[in-house]
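Each remark here refers to the structure printed beneath this line.
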Amino acid sequence: MKVLIIWYSFFGTNALLARELGRRLSATLVPVKVRHFLPRTSVTVALDFFLKRLPRIEPVPADPRDFDHVIFVAPLLQIVSIGSQLTEA
């Protein structure tokens, strides 16, 4: 069974979760990379959410169709916006 974990983390918590899931499932890990990363704080994250500002991300280097299962690990506030960009890449 091939498992792909695509993850994004503002402060590192989701990165730890993705790595642990990857270890337990022997999964391929792919981080979502932001093109022009600015320092993140709780305030900037909240402002981005309320102002509906979407981060520009790099294309994901793995094709999810090559895997049996795909798991997304991301902050709940941003999962919809990141998911929509993955399908556009």
Side-chain angles (χ1 to χ4, degrees):
M1 173 177 67
K2 290 176 63 177
V3 178
L4 172 65
I5 298 176
I6 300 173
W7 63 272
Y8 182 75
S9 184
F10 284 125
F11 303 112
T13 305
N14 286 318
L16 293 173
L17 174 61
R19 288 187 188 108
E20 181 61 21
L21 281 171
R23 184 185 67 77
R24 291 183 185 202
L25 299 173
S26 299
T28 300
L29 294 171
V30 176
V32 172
K33 295 181 182 173
V34 177
R35 286 189 181 156
H36 300 288
F37 186 76
L38 299 173
R40 309 301 296 164
T41 66
S42 298
V43 174
T44 59
V45 170
L47 283 173
D48 288 345
F49 175 73
F50 289 115
L51 297 174
K52 298 183 180 181
R53 295 187 296 209
L54 302 178
R56 300 218 183 264
I57 62 172
E58 297 291 332
V60 175
D63 187 346
R65 295 173 289 195
D66 294 337
F67 294 84
D68 300 312
H69 301 283
V70 178
I71 299 171
F72 291 94
V73 178
L76 292 176
L77 297 176
Q78 292 292 324
I79 191 107
V80 173
S81 64
I82 290 172
S84 66
Q85 287 190 37
L86 289 174
T87 59
E88 295 171 7

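Along the sequence shown, the residues carry numbers beginning at 1. The shown structure was predicted, so the numbers you read here are calculated from the model rather than taken from an experiment.
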On a heavy-atom basis, which atom in [X] and which in [Y] lie closest, and how many Å separate them?
X	Y	answer
G22	I5	N-CD1, 3.5 Å
V73	N14	CG1-O, 3.6 Å
A62	L4	CB-CD1, 4.1 Å

Distance in Å, [X] [atom1] paired with [Y] [atom2], rounded so as to fall on 0.5 Å steps:
X	Y	atom1	atom2	answer
T28	I6	OG1	CD1	10.5 Å
L16	S9	CG	OG	7.5 Å
L25	E20	CG	CD	9.5 Å

- [ ] Flag yes if L29 and M1 sit in one hydrophobic cluster, no otherwise; membership is Ile, Leu, Val, Met, Phe, Trp, Tyr, and two members link when side-chain heavy atoms are under 4.5 Å apart.
- [x] yes

Task: Close side-chain approach of Y8 and V34, heavy atoms under 4.5 Å - done: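 Counting from C-beta outward, Y8 and V34 do come under 4.5 Å.
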
